[in-house]
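Step one of this worksheet: look at the structure below.
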Amino acid sequence: MVRANGIDLCYETLGDPADPALLLVMGHGMQLDAWDRAFCELFVERGHFLIRFDNRDVGLSTKLVGVPDIDAARRGDRGAAVYGLEDMADDAVGLLDALGVGRAHVLGASMGGMIAQVLAIRHPGRVSSLCSIMSTTGDRAVGAARPDVLVAIRSGAARTRAEIVEAQVETARVLAGGGFPFDADTVRSRAAHAYDRCHHPEGKLRQQAAILTAADRTPALRRLRLPAVVVHGADDPLVGVDGGVATASAIPDARLVLVPGLGHELPVGVHATVVEEFATNARRATAETP
């Protein structure tokens, strides 16, 4: 645990601190170990000092207070949110400060991709390269979820541990793109572990409000000057593929990687592709350093 940006953050590191740092930023309601351990080790094998952490309001990091008005947040009322993505990006920088890391490569997935973008915008001197996965720009005209998917993931009233775990399995099934094997047993095991480590649905609501009230980042993304790669599932039902296309279009010289059959997920079958695309992009940062 470290104190960062006025809150406590739970984090874990893998690899040699002397290697270039890589900060992983997880998505909505997900804890640090939602990053598959074997996936993380692939980055370490590529020579990176990996840092993963619980965002505020999930896992073992500080829980905030206050009930957001989700309906008002959907209308874009920033006053409806307890905090914003800017605060979450500042948390990440505070973590780097606490660990003595001046610059890091940053990789974020879904909401984590949004936070990673904000981090690069607000703290450009701290980000060596950016990898945004299954995310979007904040422009409400792109990155929309399929209506049937929203209905499916909002339905039901799971209450018990068993019901909540099975609901998460079904949500993951709905979000899968169909091009990679769906491992229900692994999803179930991770969902049970996450429940036991810290089940905190109130935090997910506050994070959701931060997403819904975020400003369109497109103009600021156009001002970024860093190596960037955008990875998106061609069959993502939660964050439409046009959100990834818009992200890559906004960031100068960003590389866009669309993966056929990939939904809103990071299955084992796509790990090697993500690691290779990240590593290629990170090498650009090294080559461009004076």
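Below, each value reflects all heavy atoms present in this structure, side chains not excepted, and no hydrogens, waters or symmetry copies.
With rounding to the nearest 0.5 Å, the separation of CZ in R223 from CZ in R217 is 13.0 Å. To the nearest 0.5 angstrom, D185 atom CG is 12.0 Å from R190 atom CZ. Between L85 atom CG and Q207 atom CD the span is 9.5 Å, to the nearest 0.5 Å. The CG atom of L60 sits 13.5 Å away from atom OH of Y11, with the distance rounded to the nearest 0.5 Å. Rounded to the nearest 0.5 Å, atoms CG (L95) and CZ (R3) are 13.5 Å apart. In this structure, D71 CG and D69 CG are separated by 6.0 Å, a value rounded to the nearest 0.5 Å.
Panel note: side chain R126, backbone V101; a donor-acceptor pair is recorded below 3.5 Å. Without hydrogens or angle criteria, N281 side chain to P227 main chain gives a donor-acceptor distance under 3.5 Å. With D236 contributing its side chain and G233 its backbone, the two residues share no donor-acceptor pair below 3.5 Å. For E265 (side chain) and G263 (main-chain N/O), a donor-acceptor pair under 3.5 Å exists by modelled atom type. Side-chain N or O atoms of S61 include none that pairs as donor or acceptor with a backbone N or O of D57 at under 3.5 Å. In this structure, Q31 contributes its side chain and A194 its backbone to a donor-acceptor pair below 3.5 Å. The closest donor-acceptor contact from the side chain of H271 to the backbone of L266 lies under 3.5 Å. Judged by distance alone, the side chain of N55 and the main-chain N or O of M26 form a donor-acceptor pair under 3.5 Å. Judged by distance alone, the side chain of T62 and the main-chain N or O of D8 form a donor-acceptor pair under 3.5 Å. Side-chain atoms of E166 never come within 3.5 Å of backbone atoms of A162 as a donor-acceptor pair (strictly under, hydrogens ignored).
Under a 4.0 Å N-O distance rule, the pair R75/D77 does not qualify as a salt bridge. A salt bridge is absent between R188 and E170: the closest approach of a Lys/Arg side-chain nitrogen to an acidic carboxylate oxygen does not fall below 4.0 angstrom. Between R161 and D196, at least one side-chain nitrogen of the basic residue sits less than 4.0 Å from a carboxylate oxygen of the acidic one, meeting the salt-bridge criterion. Under a 4.0 Å N-O distance rule, the pair D87/R122 does not qualify as a salt bridge. Salt bridge absent: E202 and R206 never bring a charged side-chain N and a carboxylate O closer than 4.0 Å. Between D54 and R197 there is a salt bridge, with a side-chain nitrogen of the basic residue lying less than 4.0 Å from a carboxylate oxygen of the acidic one.
Between the side chains of S110 and H28, no donor N or O sits under 3.5 Å from an acceptor N or O. A side-chain donor from one of N5 and D91 sits under 3.5 Å from a side-chain acceptor of the other. No side-chain donor from either of D139 and T137 sits under 3.5 Å from a side-chain acceptor of the other.
Criterion: ILVMFWY side-chain heavy atoms under 4.5 Å apart, direct or through other members. Under it, V275 and V259 are part of a common hydrophobic cluster. Under the 4.5 Å side-chain heavy-atom criterion for grouping Ile, Leu, Val, Met, Phe, Trp and Tyr, L119 is not connected to M134 through any hydrophobic cluster. Residues I7 and V118 fall within the same hydrophobic cluster, defined by Ile, Leu, Val, Met, Phe, Trp and Tyr side chains chained together at heavy-atom separations under 4.5 Å. V2 and I115 fall within a single hydrophobic cluster, where Ile, Leu, Val, Met, Phe, Trp and Tyr side chains are chained together by heavy-atom contacts under 4.5 Å. In the hydrophobic clustering of this structure, F49 groups with L130; members are Ile, Leu, Val, Met, Phe, Trp, Tyr whose side-chain heavy atoms approach within less than 4.5 Å, directly or through other members.
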Walk me through whether S128 and L226 qualify under side-chain contact (heavy atoms from CB on, under 4.5 Å). CA-CA 7 Å; S128 297; L226 82 174; over 6 Å; no
Salt bridge (charged side-chain N to carboxylate O under 4.0 Å, His left out) assessment of R46 paired with E276: CA-CA 9 Å; R46 291 294 190 107; E276 183 58 38; 2.5 Å; yes
Where do I51 and L96 land on the side-chain contact (heavy atoms from CB on, under 4.5 Å) test, with the steps shown first? CA-CA 9 Å; I51 306 162; L96 295 180; 4.1 Å; yes
Please assess I121 against L221 for the test side-chain contact (heavy atoms from CB on, under 4.5 Å), listing each intermediate value before the final yes or no. CA-CA 7 Å; I121 291 166; L221 291 173; 3.9 Å; yes
Please lay out, stage by stage, how L14 and E12 fare under the test side-chain contact (heavy atoms from CB on, under 4.5 Å). CA-CA 7 Å; L14 291 81; E12 180 184 66; 3.6 Å; yes
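Pairs engaging residues 222-248 under the ring-ring contact (aromatic ring centres under 6.0 Å, His included) rule: none recorded [sequence neighbours left out]. Sorted by first then second residue, the ring-ring contact (aromatic ring centres under 6.0 Å, His included) pairs that include residues 103-136, not counting sequence neighbours, are H48-H105, H105-F278. Applying the side chain to side chain donor-acceptor pair (under 3.5 Å) test to residues at least two apart or on different chains, the pairs with a partner in residues 240-257 are R255-E277.
Of all the heavy atoms in P260 and A234, the pair that sits closest is CA-CB, 3.9 Å. Heavy-atom minimum distance, A21 versus R103: CB-O, 4.0 Å. G113 approaches S135 most closely through the heavy-atom pair C-OG, 3.5 Å. Minimum interatomic distance between G243 and T136 (heavy atoms only, all atoms of both residues): CA-OG1, 3.3 Å. The shortest non-hydrogen separation linking C40 to R52 is SG-NH1, 3.8 Å. When all heavy atoms of A109 and W35 are compared, the closest pair comes out as CB-CH2, 3.8 Å.
Using a 4.5 Å heavy-atom threshold, the side chains of V274 and V257 count as separate. Counting only heavy atoms from C-beta outward, the side chains of P267 and D183 never approach each other to under 4.5 Å. Under the 4.5 Å side-chain criterion, counting only non-hydrogen atoms from C-beta, H264 is in contact with V239. In this structure, the side chains of R56 and L64 come closer than 4.5 Å at one or more pairs of heavy atoms. Within the 4.5 Å cutoff, no side-chain heavy atoms of F53 are placed close to those of L24. Counting heavy atoms from C-beta outward, L107 and I133 have side chains that approach closer than 4.5 Å. Side-chain contact between T213 and P68 is absent, with no heavy atoms from C-beta onward closer than 4.5 Å.
Listed by chain and number, the hydrophobic cluster partners of V187 are V169, F182, where partners are ILVMFWY side chains within reach of under 4.5 Å, directly or through others. Taking a 4.5 Å side-chain heavy-atom cut-off between Ile, Leu, Val, Met, Phe, Trp and Tyr, the cluster of V241 extends to V230, V245, L256, L258.
Residues forming a ring pair (Phe, Tyr, Trp, His ring centres under 6.0 Å) with Y195 (at least two apart in sequence, or on another chain): H199.
Ring planes of F39 and F43: perpendicular class, angle over 60° (limits at 30 and 60°).
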